[in-house]
Amino acid sequence: FTQNEVAPHMQKWDAEHIFPVEMFTKTAALGFGAIYCKEEHGGSGLSRLDASLIFEAIATGCVTSSAYLSIHNMCAWMIDSTGTEEQRAKWLPQLAPMSRLASYCLTEPGSGSDAAALKTTAKSDGNYYVLNGSKAFISGAGATDLYLVMCRTGADGPKGISCVMVEKDTPGLSFGKIERKLGWNAQPTREVVFENCRVPKSNRLGPEGSGFGLAMRGLNGGRVNIASCSLGAAHASLLAAREYMTVRKQFGKQLAEFQALQFQLAEMAAQLVSSRLLVRQAAQSLDSGDPGAPAVCALAKLHATEQCFDVCNRALQLFGGYGYLLDFPVQQYLRDSRVNCILEGTNQVMRMLVARDIIGRLGDA
Amino acid sequence: YIHIINKADMAASKGLKILVGCKRVIDYAVKVRVKPDRSGVVTEGVKHSMNPFDEIAVEEAVRMKEKKLAGEAVAISVGPPQSQETLRTALAMGIDRAIHVEIPLAQLEKLQPIHVSKLLAKVCESEKPDLVILGKQAIDDDCNQTGQMLAALLDWPQATFASKIEPSQDSKQLRVTREVDGGMETIDVSVPAVVTSDLRLNEPRYATLPNIMKAKKKPLAKMSPDQLGVDLQPRQEVISVEDPPVRKAGAKVESVEDLVGKLREKGLVK
């Protein structure tokens, strides 16, 4: 599927900034729209490990599309795991086939890593919340239909945050300009603005004050998924470099015959395979309900996104001058995978989480 | 051994029972390597998948079911234990159940279309399909024999290299369009019949995740050549398998006269 329906279009989607909704519909028809949601309402009922394999495979054809697919899946799961029967029955049958698309809204202009300091308010007004504030860097904004918004219903800090679902054409919901980015061009990224936006309280996911916890639980899987996208980028880059090295000759020899370059490939393989094992381990820890899973997910995201970006960077170097041309794919894998070190929790936040886990285990056997 | 349908109108009946053959072969994208002892090609650790023409056959059977021309579609594979994966793919595409005729590894390399067609003929005796669809040829041996041999063994009509299968005008037969060297030939065949699929018959679907999961629960029966009473003694002996000769450099000529002169020299033109 990736070879036929995704990879041939990767370059065009990047150059022309096309958000490939049609391709997503085909992906969903294969069962990839709600991979780890229960089958009851159209999910595929598979594991996080299965999802990791799927995102990695699709990312070899287009990192950006795989990343959006993973965000959509994360949102579907949040509704599937926390929603009421009514909410699940209403939304999953639309999200699973990707006839409606979802976005995740946590980050604000004033709060990225310090996510719990978010300021978007949701004031109670009868059966409604009135939302005011703005979200930044929202993937898919403007093109998607359902926004899972983390907003403040209570006091300061994480315990005052709830998750509210806002539908696209709700009055008071608007979007900023489409951001111009280094990569992820096959996906619109915009500010999402709420101005006295009235949302029914029945759109709240989970009880008031549970929003931050839900957002963080969503991110655990999201981190495994985004790391899986990095794996796909590195894999494709490594294969491309290998092929190039058997074709390009200098000094009368194939590049593949130079030991220094062979060592590059070997090191890239070590980076890729070790990352892959760690990501799959993290996926399995989520599947088995391991209480230590969040830390493993952070560790996997940290390691894989950095190592895989380096693999893409090395692959680009192996291509020499051609690597720098937009006609060759490695530069796109590089640009698209760079942001994986930043979003879903910067790798600095990942370090915080891992360190906290390590120190917190002092005294464990 | 003829099995005639007592149906006045095929379209009104419960639908044809279809048996589809699938062979597990080295994947088309793999760079095949000859074994150092030249006894064959390297298959260990190499990616295998369903023969592309068989995928087309499976797709056609599933489409005929969807059009209500067929009632039940059964997939069959003659091969090693791993052929079960091939059958699961067929099940995931929409086939109802599968039969695996397992061939022990020792006899696998020497398996020939004559053996496979005899095994299939035996299965047809018990399964009594109305239509057998096979890929026109396997991409590993390119024999293009099994379908034809099977039809002969069963004394059934055959319609090979099919690019279209539909009910005949009176709905009592199948109208098959065949791709032949001279163009396209359309024939009507009565059922039961053997049809072999050609490239343009259809474009196979991707197996969806839910169907892949469902396929795990569909029935898959195992059989052995002994049970079917077929002897697998090889009729042929492979002497050696070699790489095609390395392409030699050509020569450039300056003019048409030079070209004609060179062609004459090589005795290619009088």
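Per chain, numbering begins at 1; letters A, B, ... match sequence-line order. Side-chain atoms are counted along with the backbone in the values below, which use heavy atoms only and exclude waters and symmetry mates.
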Under 6.0 Å from the NZ atom of A:K249, do we count more than 12 heavy atoms belonging to anything else shown?
no

Within the supplied structure, the quantity of interest is the number of heavy atoms (other residues, nucleotides, ligands) at a distance under 6.0 Å from B:E185 CD; does it exceed 12?
yes

Proximity of residues 24-56 of chain A to chain B, residues having a non-hydrogen atom under 4.5 angstrom:
A:A29, A:L30, A:G31, A:F32, A:S44, A:L46, A:I54

Any chance OH of B:Y28 has more than 12 other-residue heavy atoms, nucleotides or ligands included, within less than 6.0 Å?
no

Tell me, yes or no, whether the heavy-atom count around B:E109 atom CD, taken from other residues, nucleotides or ligands under 6.0 Å, exceeds 12.
no

Quick check: are there more than 12 heavy atoms from other residues, nucleotides or ligands sitting under 6.0 Å from CD of A:Q259?
no

Kindly check if the number of other-residue, nucleotide or ligand heavy atoms within 6.0 Å of CD (A:E85) is above 12?
yes

